[in-house]
Amino acid sequence: MRRQKSQTTLTALLTLLLIVPLTAIPVLAQEEEPAEESAEDQASREEKALDSTATQWSFQFAWQGMTYNDDILDNGQMRPPGNDDFLQARIVAPFAFEKFTILPRLTIRHYENAQGQSGLGNTELFGLIIPKSWDWGSGRFGLGPLVTAPGDKNVARDEWGYGFAMALVNGKGKWFYGALLTQVWRAVDPQQLPAGTSDANPLGIAPFLNYRLGGGWYIGNGDMIISWNWDRSELYVPIACRVGKVLVGETSSWNIYGEYKTSLYKSNWSGTAVKDSIRVNVTYSIPVG
């Protein structure tokens with residue numbers, strides 16, 4: 001029953017996220033055609049399509065499939081596996097004020113594990129607050145609260161989480177780079193935690209580096225979240241490669257890419273470690289202002 005409910009919820013969300021941008025296209029198409037763009041303006045709009053902190057509406061859909069390393073850990077046990085794949089929907093809705101911008105980002109994932117069980121993961125919502133004084137042309141800094149909602153216990157943690165997110169981005173010429181940092185604490189009774197552990201989830205650091213090749217094409221390091229486990233002082237570093245193309249329209253843009261990811265460093269990491277991962281993504285964005 002719970003599985004059917006989660007699938008119904010995901011279907012409804014995907015339908016909503018799909019309808020909103022599609023219904024916006026005819027309206028945008030009726031606007032007066034802008035003057036011919038310069039090469040600098042075109043490059044600026046391509047960069048904005050790659051910038052998750054830009055003031056723009058964003059609707060993302062992605063699928064990712066994963067296999068995992070099954071090596072033997074130092075304690076003699078086999079490394080635990082993770083979920084097989086997920087379908088992701090994400091929306092960013094900007095709120096621009098006189099002195100600052102708030103960028104709420106909602107991410108929902110529907111997972112499936114090796115046993116054929118499926119359900120919603122821990123839904124994530126954070127709001128980056130970017131003061132205008134921290135926005136310097138092609139670079140900006142943002143900080144804000146983060147909340148995670150309970151997911152299906154077969155594929156995620158059935159608990160709430162709270163914390164913060166922080167982002168720093170910058171662009172120079174054809175390069176666009178930065179990092180997103182997230183930290184979440186579990187909303188559980190400390191007395192129910194195993195001995196020697198805390199309510200702190202691993203720190204997540206997601207560096208990104210993109211290089212524009214021209215004609216809308218770009219390459220980058222992809223979605224690689226470096227994790228640090230506070231309780232066991234363990235470090236996990238994945239590595240990824242992304243190839244994508246930005247299609248810039250008159251008032252909106254599409255970002256389409258494919259990505260491959262594997263593990264770079266997992267020597268002292270006792271959690272799951274990706275062996276091979278493939279991701280395909282489509283993002284539709286509408287700049288504001």
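Because the structure is predicted, anything quoted here is derived from the model rather than measured.
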Using the rule that two of Ile, Leu, Val, Met, Phe, Trp, Tyr join whenever any of their side-chain heavy atoms come within less than 4.5 Å, decide whether I91 and F61 are in one cluster. yes
Assigning hydrophobic clusters by single linkage (Ile, Leu, Val, Met, Phe, Trp, Tyr; side-chain heavy-atom cutoff under 4.5 Å), is F126 placed with F95? no
Over all heavy atoms of both residues, which pair between T272 and P81 is shortest? Give the atoms and the distance, please. CG2-O, 3.2 Å
Hydrophobic cluster (4.5 angstrom, side-chain heavy atoms) - remaining members for I72: M78
Residues forming a side-chain contact (heavy atoms from CB on, under 4.5 Å) with Q115, sequence neighbours excluded: N113, Q117
For D85 against G65, the heavy-atom pair lying closest together: CB-CA, 3.9 Å
Among T55, T101, D51, which one satisfies side-chain hydrogen bond (donor to acceptor under 3.5 Å, both in side chains) with R140? D51
Taking distance alone, no hydrogens or angles, what donor-acceptor pairs closer than 3.5 Å link side-chain atoms of residues 159-171 to residues at least two apart or in another chain?
from : atom 1 : to   : atom 2 : distance (Å)
E159 : OE1    : R186 : NH2    : 3.3
E159 : OE2    : R186 : NE     : 2.6
N170 : ND2    : Y177 : OH     : 3.1

Go through the structure and list residues passing side chain to side chain donor-acceptor pair (under 3.5 Å) with R79, not counting sequence neighbours. D71
Pair Q88, Q64: side-chain N/O donor-acceptor within cut-off below 3.5 Å: no
Contact check, side chains of W254 and V246, non-hydrogen atoms, under 4.5 Å: no
So which heavy atom on F176 is nearest to which on L50, and how close? CE2-O, 3.7 Å
R279 versus K261: any side-chain heavy-atom pair under 4.5 Å? no
Side-chain heavy-atom pair K132, F97 within 4.5 angstrom cut-off: no
Return yes if some donor-acceptor pair links the side-chain N/O of T67 with the main-chain N/O of D276 below 3.5 Å, else return no. yes
For the atom pair CG (L128) and OG (S52), what is the distance rounded to the nearest 0.5 Å? 7.5 Å
Using a distance-only test with no angle check, is there a side-chain donor-acceptor pair under 3.5 angstrom linking R109 and N83? no
Could you pull out the closest heavy-atom pair between I130 and G142, with the gap in Å? CG1-CA, 3.9 Å
Do we see a donor-acceptor contact under 3.5 Å between the side chains of S253 and N255? no
Take atom NZ in K275; do more than 12 heavy atoms of anything else shown fall under 6.0 Å from it? no
Using 30° and 60° as the class limits, which term best fits the ring planes of W230 and W228: parallel, tilted or perpendicular? perpendicular
Counting only heavy atoms not in D189, do more than 12 fall under 6.0 Å of its CG? yes
Is K245 close to I256 at the side-chain level, that is, under 4.5 Å between some pair of heavy atoms? no
Less than 4.5 Å apart, side chain to side chain, heavy atoms only: is that true for N281 and Q60? yes
Value for CG (L125) from CG (L146), rounded to nearest 0.5 Å, stands at 7.5 Å
Could E124 and R105 be called an ion pair, given the rule that one side-chain N must be under 4.0 Å from one carboxylate O? yes
Checking D223 against Y257: is there a side-chain donor and acceptor pair closer than 3.5 Å? no
Going by ring pair (Phe, Tyr, Trp, His ring centres under 6.0 Å), name the residues that satisfy it together with Y211, two or more places apart in sequence or in a different chain. W175
Is it the case that the side chain of N268 and the backbone of L235 share a donor-acceptor pair, with hydrogens and angles ignored and the cut-off at 3.5 Å? yes
Side-chain donor or acceptor of D158 paired with backbone N/O of D152 under 3.5 Å: no
State whether the side chain of N69 and the backbone N or O of A273 hold a donor-acceptor pair below 3.5 Å, judged by distance alone. yes
Who else is in the cluster with Y68 when I, L, V, M, F, W and Y are joined by side-chain contacts under 4.5 Å? M66, F86, Y111, V155, Y236, W269, V274
Are the side chains of L120 and H110 in contact, using a 4.5 Å heavy-atom criterion? yes
Quick check: do T262 and I239 have side-chain heavy atoms less than 4.5 Å from each other? yes
Would you check if S58 and R90 make a side-chain contact, meaning some heavy-atom pair closer than 4.5 Å? no
From CH2 (W57) to OG (S285), nearest 0.5 Å: 13.0 Å
Looking only at heavy atoms, which two atoms of P80 and L73 are closest? And how far apart? CD-CD1, 4.4 Å
Honestly curious: do I219 and L209 fall in one hydrophobic cluster under the side-chain, below-4.5 Å linking rule? yes
Would L143 end up clustered with I205 when hydrophobic side chains under 4.5 Å apart are linked, directly or stepwise? yes
Could you state the interatomic distance from CG (L103) to CD1 (I129), rounded to the nearest 0.5 Å? 10.0 Å
Looking only at heavy atoms, the pair that brings G215 and E46 closest together is C-OE2, 4.4 Å
How many angstroms lie between atom OH of Y284 and atom CD of Q56, to the nearest 0.5 angstrom? 11.0 Å
Shared hydrophobic cluster, M224 / L264 (ILVMFWY, side-chain heavy atoms < 4.5 Å): no
Is there a donor-acceptor contact under 3.5 Å from the side chain of D199 to the main chain of W185? no
